[in-house]
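Just so we're clear, the structure is a prediction, and the values are computed from it rather than from any experiment.
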Amino acid sequence: WKAANPNLINFSGDAYKEEMGITSPGWKRDKDGRSIAEENPPQGNAALLAHNPVTSPNEPDLEDVIAFADFMRFLAPPPRGPINANVNAGEKVFTNIGCVNCHTSSLTTGTNAVAALNLKTFAPYSDFLIHDMGSLGDGIEQGTARGTEMRTAPLWGLRTQPNLLHDGRAKSIEEAIQLHRGQGQTAADRFRTLSTTDKANLLAFLRSL
């Protein structure tokens, strides 16, 4: 939610450490800038680490972390739902009211020795950057990201999500749009002024993702 991990290796090592308590050797850093070889002090008290029966790192190498990252790297994107005239019209509304300013419709990978990843255009509907979302923020500071700043959530697979936004407070796509604040406020305001037809087409487009 804070764009804190720059690549999948860092994300993988961070997940091993934070979610499973498995540290790994190497220079990789977690989301807070600490080595993924360093234990997290219980309740923040480093003195308690003196009683740890297993010294860090407790994994001999990064093999598992790299394998986990490779697994994620080769996952296919969620497939689109049916696309019809209403969906196509809704995508134009999506662009016109400014949603696309953050929910970028397509990106292209850089050069890569792996053919499946080399210069591939994909449609995540996100710029993967952090934006100031005002009161919609989570209040959590992480790295240089402030409590009001959130990474743009990808919209692919949106139609399968029962709860939306970082805390699941929105129970519908329409509610999620209307809760946008900060840099998303203008698009939310424009959504409220759409005609019945344009609003229906926009929601049809979003439900196709």
What residue among Arg151, Met150, His166, Glu149 forms side-chain contact (heavy atoms from CB on, under 4.5 Å) with Met133? Met150
Grab the two heavy atoms, one from Cys102 and one from Thr152, that are nearest each other, plus how far apart they are. O-CG2, 3.4 Å
To the closest 0.5 Å, what do you measure between CD (Gln185) and CZ (Arg190)? 11.5 Å
Heavy atoms from other residues, nucleotides or ligands near CZ of Phe191 exceed 12 (cutoff 6.0 Å): yes
Closest approach of Ala170 and Leu179, non-hydrogen atoms and distance? CB-CD1, 4.3 Å
Taking Asp132 for its side chain and Gly134 for its backbone only, find out whether a donor-acceptor pair lies under 3.5 Å. yes
Taking side chain to side chain donor-acceptor pair (under 3.5 Å) as the cut-off, I'd like each qualifying pair that reaches into residues 77-89, sequence neighbours left out, listed once. Arg80-Ser208
Is there a path from Ile66 to Met72 through hydrophobic residues (I, L, V, M, F, W, Y) whose side chains come within less than 4.5 Å of each other? yes
Any heavy-atom pair between the side chains of Ile177 and Leu206 that's under 4.5 Å? yes
Report yes if the side chains of Phe74 and Val114 come closer than 4.5 Å at any heavy-atom pair, otherwise no. yes
Any Trp156 side-chain heavy atom under 4.5 Å of Ser126 side chain: no
For the pair His103 (side chain) and Gly98 (backbone), establish whether a donor and an acceptor sit closer than 3.5 Å, ignoring hydrogens and angles. no
Expected output: side-chain Lys199 to main-chain Thr193 donor-acceptor under 3.5 Å: no
Please identify each residue that fulfils side chain to side chain donor-acceptor pair (under 3.5 Å) with Thr104, with sequence neighbours left out. none
Whether Asp14 side chain and Asn10 backbone form a donor-acceptor pair below 3.5 Å: no
Indicate yes or no: at least one non-hydrogen side-chain atom of Leu164 is less than 4.5 angstrom from one of Leu158. yes
State plainly whether one hydrophobic cluster holds both Ile22 and Leu8, where clusters connect Ile, Leu, Val, Met, Phe, Trp and Tyr through side-chain heavy atoms under 4.5 angstrom apart. yes
Identify the two heavy atoms, one from Ser172 and one from Glu175, that lie closest to each other, and give their separation to 0.1 Å. OG-N, 3.1 Å
Could you tell me whether the side chain of Ile97 reaches within less than 4.5 Å of the side chain of Leu202, counting heavy atoms only? yes
Enumerate the salt bridge (Lys or Arg N to Asp or Glu O under 4.0 Å) contacts for residues 160-173, please, sequence neighbours excluded, ordered by first and then second residue. Asp167-Arg169
Ser135: what forms a side-chain contact (heavy atoms from CB on, under 4.5 Å) with it, not counting sequence neighbours? Arg181
Contact summary for Ala4 and Gln142, nearest pair of heavy atoms: CB-OE1, 3.2 Å
Taking C-beta and beyond as the side chain, do Thr121 and Leu107 meet within less than 4.5 Å on heavy atoms? no
Treating Ile, Leu, Val, Met, Phe, Trp and Tyr as nodes and any side-chain heavy-atom pair under 4.5 angstrom as an edge, say whether Ile83 and Phe122 lie in one connected cluster. no
Once the angle between the rings of Phe205 and Tyr125 is folded into 0 to 90°, is it parallel (under 30°), tilted (30 to 60°) or perpendicular (over 60°)? perpendicular
Applying the side-chain contact (heavy atoms from CB on, under 4.5 Å) test to Ile173, which of Leu209, Leu155, Leu203 qualifies? Leu203
Distance from Asp70 atom CG to Leu75 atom CG, nearest 0.5 Å? 11.0 Å
Pairing residues for Thr144 by the side-chain contact (heavy atoms from CB on, under 4.5 Å) criterion, not counting sequence neighbours: none
Which atom names give the shortest non-hydrogen contact between Lys2 and Ile140, and what distance separates them? NZ-O, 2.8 Å
Kindly give the heavy-atom pair with the smallest separation between Thr111 and Asn118, and that separation in Å. CA-OD1, 3.1 Å
CZ of Phe71: more than 12 outside heavy atoms within 6.0 angstrom? no
Strictly distance-based, threshold 3.5 Å: is any side-chain N or O of Thr109 a donor or acceptor partner for the main-chain N or O of Leu119? yes
Using the test side-chain contact (heavy atoms from CB on, under 4.5 Å), find all partners of Leu129 that sit at least two apart in sequence or belong to another chain. Asp127, His131
So, does Ser12 use its side chain to make a donor-acceptor pair with the main chain of Val65 at under 3.5 Å? yes
